[in-house]
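Working notes, structure below.
Side chains included, hydrogens not; waters and symmetry mates left out as well; all remaining heavy atoms used. Chain letters run A, B, ... following the sequence lines, proteins first and then strands; every chain starts at 1.
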Protein chains: 2
Amino acid sequence: MIDRPLSLDDLLCFALYSANNAMGRLYRPLLAPHGLTYPQYLVLVALWQRDGQKVTDLGAALNLESNTLTPLLKRMEQAGLVQRQRSQEDERSVIVTLTSKGRELEKAAVEISRCILEAAGEDVAELIRLRDRIQTLTARLQTAQ
Amino acid sequence: MIDRPLSLDDLLCFALYSANNAMGRLYRPLLAPHGLTYPQYLVLVALWQRDGQKVTDLGAALNLESNTLTPLLKRMEQAGLVQRQRSQEDERSVIVTLTSKGRELEKAAVEISRCILEAAGEDVAELIRLRDRIQTLTARLQTAQ
DNA sequence: GTTATTTAAATCGCACGCGATTAAATCACA
DNA sequence: TGTGATTTAATCGCGTGCGATTTAAATAAC
């Protein structure tokens with residue numbers, strides 16, 4: 001950010017790192033009662049939006065690959081949140097589908113979102129602007145890499 | 001963010017999660033040649049700023065606790081980057097000090113920061129503003145928790 | 001001066017992220 | 001039609017983050 005005496009607080013990367021950790025700490029107690037972790041919750045959000053996605057689709061949505069998703073999805077399957085089945089048309093693909101239990105949790109998500117929003121601050125318009133700026137940054141970082 | 005059909009792209013938390021992962025992916029190939037991971041790099045930044053910190057001090061700077069830091073610092077000690085020694089005044093505390101090798105790496109950090117900045121975009125003033133907004137958010141999340 | 005409390009690291013277990021590799025199914029195409 | 005290339009998950013290993021607990025040292029209290 002600034003050249004000379006490199007300081008943690010100067011670093012955009014550390015700001016992101018710190019904010020992400022703080023967000024995770026905030027979600028944890030909200031998700032734990034439902035037996036969910038934070039990344040698992042994101043998978044559910046993706047599936048509530050569109051059920052029956054391939055692992056690759058979820059990977060594209062979440063910017064993750066099978067080495068992360070496969071074990072995570074297996075744990076979610078163990079927990080009775082999703083079903084995993086090989087596609088008929090293409091045996092390479094695995095389709096991930098919500099169970100009724102997984103679908104049911106969408107109701108709880110409303111309250112969880114409310115809690116996070118409350119913690120993040122009152123000015124929602126400002127938060128949306130911030131989110132958009134971060135998304136733009138992510139896009140730039142991804143094309144750079 | 002927005003109430004109805006909850007979408008990944010609506011979520012501030014997912015924006016942070018995604019940006020942080022992308023940042024990590026960007027740093028990895030820059031740090032790997034020096035045998036560093038991203039969190040280890042952040043520890044070095046903290047120590048370049050002020051050498052000889054207690055584990056608790058580093059934890060306060062990085063928002064981490066000993067359950068994360070102790071193993072990480074042991075790996076850095078193994079790698080010859082830092083030294084860990086019990087404080088004389090208070091045997092409970094462990095002081096972490098840079099080795100010459102750890103100090104040496106500060107030079108490389110300049111080029112690494114340049115690469116990241118280049119990937120993040122041209123408008124540095126905008127990046128600083130973004131960083132500040134994220135820091136403000138983190139502060140709010142931490143007081144909420 | 002002994003005991004209770006507090007503080008600082010460390011340990012343990014579990015769930016990510018991800019580089020590297022593998023195995024299997026599908027595709028391209030000669 | 002067969003064979004090499006590509007695509008898709010899965011597997012493995014390692015380094016975090018963090019809740020929960022433990023150990024030891026220092027401090028407070030009485």
On the nucleotide D/dG19, are OP1 or OP2 found under 4.0 Å from the side-chain N or O atoms that A/R28 carries? yes

Expressed in angstrom and rounded to an integer, what is the separation of A/N20 atom CG from D/dC18 atom C1'? 13 Å

Are A/I112 and B/L11 connected into the same hydrophobic cluster when the rule is that any two of I, L, V, M, F, W, Y join if their side-chain heavy atoms are below 4.5 Å apart? yes

Of all heavy-atom pairs between A/N63 and B/R25, which one has the smallest distance, and what is that distance? O-NH1, 3.4 Å

Give the B/S/- string for nucleotides 3-14 of chain C, one per nucleotide from 5' to 3', where a protein heavy atom under 4.0 Å of the base yields B, of only the sugar-phosphate yields S, and otherwise -. ----BSBBBB--

Pairs involving residues 39-95 of chain A, ordered by first then second residue, that meet ring pair (Phe, Tyr, Trp, His ring centres under 6.0 Å) (sequence neighbours left out): A/Y27-A/Y41

Between A/E89 (CD) and D/dT8 (C1'), how many Å, whole number? 14 Å

Separation of C/dA15 atom P from A/L62 atom CG, nearest Å, is 18 Å

Rounded to the nearest Å, what distance is computed from the CD atom of residue A/Q78 to the C1' atom of nucleotide C/dA15? 14 Å

So, using salt bridge (Lys or Arg N to Asp or Glu O under 4.0 Å) as the criterion, who are the partners of A/E104 when residues are at least two apart? A/K107

Which residues share a salt bridge (Lys or Arg N to Asp or Glu O under 4.0 Å) with B/R114, sequence neighbours left out: B/E111, B/E118

Whole-Å distance separating the CG atom of B/N63 from the P atom of D/dG19: 13 Å

Distance check needed: C/dC18 P versus A/L72 CG, whole Å only. 12 Å

Of all residues at least two apart in sequence or in a different chain, which pass the side-chain hydrogen bond (donor to acceptor under 3.5 Å, both in side chains) check with B/R84? B/E77

Euclidean distance, atom CD of residue A/E91 to atom P of D/dA9 [Å, nearest integer]: 12 Å

D/dC18 P sits how many Å from A/Y38 OH, rounded? 12 Å

So which one's nearest nucleotide on DNA chain C is more toward 5', A/Q40 or A/Q88? A/Q40

So B/E65, base contact, sugar-phosphate only, or nothing? Heavy-atom distance under 4.0 Å. nothing

Do the side-chain N or O atoms of A/R25 get closer than 4.0 angstrom to the phosphate oxygens (OP1, OP2) of D/dC18? yes

Please list, chain by chain and in numerical order, all residues satisfying salt bridge (Lys or Arg N to Asp or Glu O under 4.0 Å) with A/D51, sequence neighbours excluded. none

